[in-house]
Amino acid sequence: MKASWRNGARHGIIVRYARDDARGLSSAQSKEGFVMQIARTVEDAKAIARAWRRAGKTVGLVPTMGYLHEGHASLIERAHRENDRVAVSVFLNPTQFAPNEDLASYPRDFDRDVALCETIGADLVFHPEPEAMYHDPHAFVSIDLLSETMDGAARPIHFRGVCTVVSKLFNIFLPDRAYFGQKDAQQLAIVKKMAADLDFDVEVVGCPIVREADGLAKSSRNVYLSPKERAAATVLSRSVFEGQRIAHAGMAAAELEGAMKAVLAEEPLADVEYVTVVDALTMQPIEALDRDALVAMAVRIGRTRLIDNFNFDLQDFS
């Protein structure tokens with residue numbers, strides 16, 4: 001079924017849930033007749049993925065924490081184009097939240113998420129409880145060095161939680177490809193490093209940032225913003241666009257960071273956590289744009305922490 005996410009989201013998809021067995025396997029069926037499965041246990045998800053592979057189908061995986069928006073939709077749409085079957089995990093992973101972070105208040109709307117996934121053409125939504133995913137708090141996956149800067153410095157346990165849950169999802173689905181957004185660029189770099197170093201047979205695909213019409217990067221946390229804060233939050237993208245405009249080969253990182261911070265300083269509600277230029281592979285700070293780099297920022301608007309970034313590709317300036 002080919003359908004537009006936006007049209008389906010706005011006009012509403014009629015979804016019917018049917019309990020298939022006592023283990024937690026369900027289906028969602030639209031009025032057009034397309035059936036998408038919903039698995040709530042690891043065993044069911046594995047069984048479905050095994051059946052796909054036995055049938056010779058390629059599998060695309062889109063890991064999410066739910067409360068899906070157009071950014072997630074772009075990942076699912078690309079996975080749908082590039083694979084025979086698409087699994088979307090909707091799992092609010094508690095291990096990547098510190099006790100003082102927003103796990104309890106993080107937005108949730110599973111019925112809406114299911115409708116959107118079904119409209120785009122996902123074949124499976126995996127929606128486990130934490131108890132189904134975690135059995136031993138002493139078993140985890142951690143990628144050092146790349147996790148020590150930027151968001152890793154601000155949120156020390158975050159990437160350990162990300163790597164652990166993503167590695168579990170890779171083992172559950174054994175996907176051919178897995179899709180992640182460039183907005184979480186440090187996460188993308190860490191997952192690529194993990195997949196390569198731990199020999200996961202999966203292609204990790206990075207997808208472009210999806211933005212609102214006024215430039216703000218799509219994020220589930222945007223719903224936290226008041227109208228005044230929402231207007232102020234566009235300063236992040238204005239700073240990113242200015243950085244993209246002036247960046248050039250050999251430019252001092254401090255000069256680029258200073259120019260971007262100057263844009264952020266124009267907004268009184270912006271509390272800058274960091275603006276930094278790092279090596280695109282190691283996520284370590286560099287002094288000049290003499291290699292491929294990531295230019296990233298984290299800014300609080302009110303109580304809401306937002307991130308944005310852009311890639312600097314040296315070959316574009318050769």
>> Show, in sequence, the C-alpha distance, side-chain angles and deciding distance for Val166 and Phe180, and conclude whether the side-chain contact (heavy atoms from CB on, under 4.5 Å) test is met.
In response: CA-CA 11 Å; Val166 171; Phe180 297 83; 4.0 Å; yes
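- Residues Asp44 and Thr41 have side chains that bring a donor and an acceptor to within less than 3.5 angstrom of each other.
- A donor-acceptor contact shorter than 3.5 Å links the side chain of Glu257 to the backbone of Val277.
- Smallest separation of non-hydrogen atoms from Ala217 and Asp308: CB-OD2, 4.2 Å.
- Cluster annotation: Val278 is connected to Leu188 through the hydrophobic network of ILVMFWY side chains, with a link wherever side-chain heavy atoms come within less than 4.5 Å.
- Taking the side chain as every heavy atom from C-beta outward, Asp176 and Glu82 never approach each other to under 4.5 Å.
- Taking 4.5 Å as the limit, some side-chain heavy atom of Val42 sits within range of a side-chain heavy atom of Met133.
- Counting all heavy atoms, side chain and backbone alike, Ile172 lies closest to Ala45 at CG2-CB, 3.8 Å.
- For the pair Arg112 (side chain) and Leu68 (backbone), a donor-acceptor distance under 3.5 Å is present.
- A donor-acceptor pair is defined here as one N or O able to donate and one able to accept, closer than 3.5 Å; such a pair exists between the side chain of Gln284 and the backbone of Leu145.
- Between the CZ atom in Arg238 and the CG atom in Leu216 there is a gap of 10.5 Å [rounded to 0.5 Å].
- In this structure, CG in Asp109 is found 11.0 Å from OG in Ser220, a value given to the nearest 0.5 Å.
- At least one donor-acceptor pair under 3.5 Å links the side chain of Asp136 to the backbone N or O of His138.
- Two residues are said to be in side-chain contact when any heavy atoms from C-beta on lie closer than 4.5 Å; Ile157 and Phe97 fail this criterion.
- Listed for the Ser147 side chain is no donor-acceptor partner under 3.5 Å among the backbone atoms of Phe159.
- Between Ile209 and Asn309 the shortest side-chain heavy-atom distance falls below 4.5 Å.
- Criterion: ILVMFWY side-chain heavy atoms under 4.5 Å apart, direct or through other members. Under it, Met65 and Val223 are part of a common hydrophobic cluster.
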> After noting the C-alpha distance and the side-chain angles of Asp184 and Ile307, does the key distance pass the side-chain contact (heavy atoms from CB on, under 4.5 Å) rule?
Replying inline: CA-CA 8 Å; Asp184 297 294; Ile307 58 175; 3.3 Å; yes
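- Leu174 and Val141 fall into different hydrophobic clusters, defined by Ile, Leu, Val, Met, Phe, Trp and Tyr side-chain heavy atoms under 4.5 Å apart, directly or through other members.
- By the side chain to side chain contact (heavy atoms under 4.5 Å, CB included) test, Ala265 is found to be paired with no residue, residues two or more places apart in sequence or in another chain being considered.
- Here Glu242 pairs with Arg245 in a salt bridge; the nearest charged N to carboxylate O distance falls below 4.0 Å.
- Between Ile301 and Leu225, the closest side-chain pair of non-hydrogen atoms falls below 4.5 Å.
- In this structure, NE2 in His72 is found 10.5 Å from CG in Leu116, a value given to the nearest 0.5 Å.
- Nearest heavy atoms, Gly302 versus Glu229: CA-OE2, 3.5 Å.
- Under the 30°/60° scheme for interplanar angles, the aromatic rings of Phe91 and Tyr134 are found to be tilted.
- Other residues, nucleotides and ligands contribute more than 12 heavy atoms inside 6.0 Å of the CG atom of Asp197.
- The only option from Arg305, Arg303, Arg221 that meets the side-chain hydrogen bond (donor to acceptor under 3.5 Å, both in side chains) definition with Asp102 turns out to be Arg221.
- Criterion: ILVMFWY side-chain heavy atoms under 4.5 Å apart, direct or through other members. Under it, Val275 and Met150 are not part of a common hydrophobic cluster.
- You'll find the side chain of Thr234 stays beyond 4.5 Å of the side chain of Arg211, heavy atoms only.
- Annotation: side chain of Leu264 is in contact with side chain of Val235 (closest heavy-atom distance under 4.5 Å).
- With a 4.5 Å cut-off on side-chain heavy atoms, Trp52 and Leu124 count as touching.
- Counting only distance, with no hydrogens or angles, the side chain of Gln186 and the backbone of Thr149 share a donor-acceptor pair below 3.5 Å.
- Rounded to the nearest 0.5 angstrom, Ser219 OG and Glu212 CD are separated by 10.0 Å.
- The hydrophobic cluster containing Met297 does not contain Tyr224, counting ILVMFWY residues as joined when their side-chain heavy atoms lie under 4.5 angstrom apart, directly or transitively.
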>> Test side-chain contact (heavy atoms from CB on, under 4.5 Å) on Val295 and Leu256; report intermediate values, then the result.
In response: CA-CA 9 Å; Val295 185; Leu256 178 57; 3.9 Å; yes
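- The only member of Arg177, Lys57, Arg78 that meets side-chain hydrogen bond (donor to acceptor under 3.5 Å, both in side chains) when paired with Asn83 is Arg177.
- Summarising the local packing, NZ of Lys168 is surrounded by more than 12 heavy atoms from other residues, nucleotides or ligands at distances under 6.0 Å.
- Checking side-chain atoms of Asp313 against main-chain N and O of Asp292 turns up no donor-acceptor pair under 3.5 Å.
- Ring orientation note: the planes of Phe173 and Phe126 are nearly perpendicular, at an angle over 60° on the 30°/60° scale.
- When the salt bridge (Lys or Arg N to Asp or Glu O under 4.0 Å) test is applied to Arg108, no partner is found at least two apart in sequence or on another chain.
- Taking CD1 from Ile76 and CD from Glu118, the interatomic distance works out to 11.5 Å, rounded to the nearest 0.5 Å.
- Side-chain atoms of Thr164 do not come within 3.5 Å of backbone N or O of Gly161 as any donor-acceptor pair.
- When every heavy atom of His158 is checked against every heavy atom of Gln96, the shortest pair comes out as ND1-O, 3.1 Å.
- Judged by distance alone, with hydrogens and angles left aside, the side-chain atoms of Ser239 form a donor-acceptor pair with the main-chain N or O of Met260 at under 3.5 Å.
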>> Set out, in order, the CA-CA distance, both residues' side-chain angles and the distance that settles side-chain contact (heavy atoms from CB on, under 4.5 Å) for Glu129 and Arg40, then state yes or no.
In response: CA-CA 7 Å; Glu129 294 296 327; Arg40 293 175 172 83; over 6 Å; no
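- Between Leu294 and Gln182, the closest heavy-atom pair is CD1-NE2, 4.0 Å.
- Between the side chain of Glu267 and the backbone N or O of Leu269, at least one donor-acceptor pair lies under 3.5 Å.
- Taking CE of Met194 as the start and NZ of Lys192 as the end, the distance is 13.0 Å to the nearest 0.5 Å.
- Shown here for Gly250 and Ala288, the closest heavy-atom pair between the two residues is O-CB, 4.1 Å.
- Taking Ala259 as the reference, Ile246 meet the side chain to side chain contact (heavy atoms under 4.5 Å, CB included) condition, with sequence neighbours excluded.
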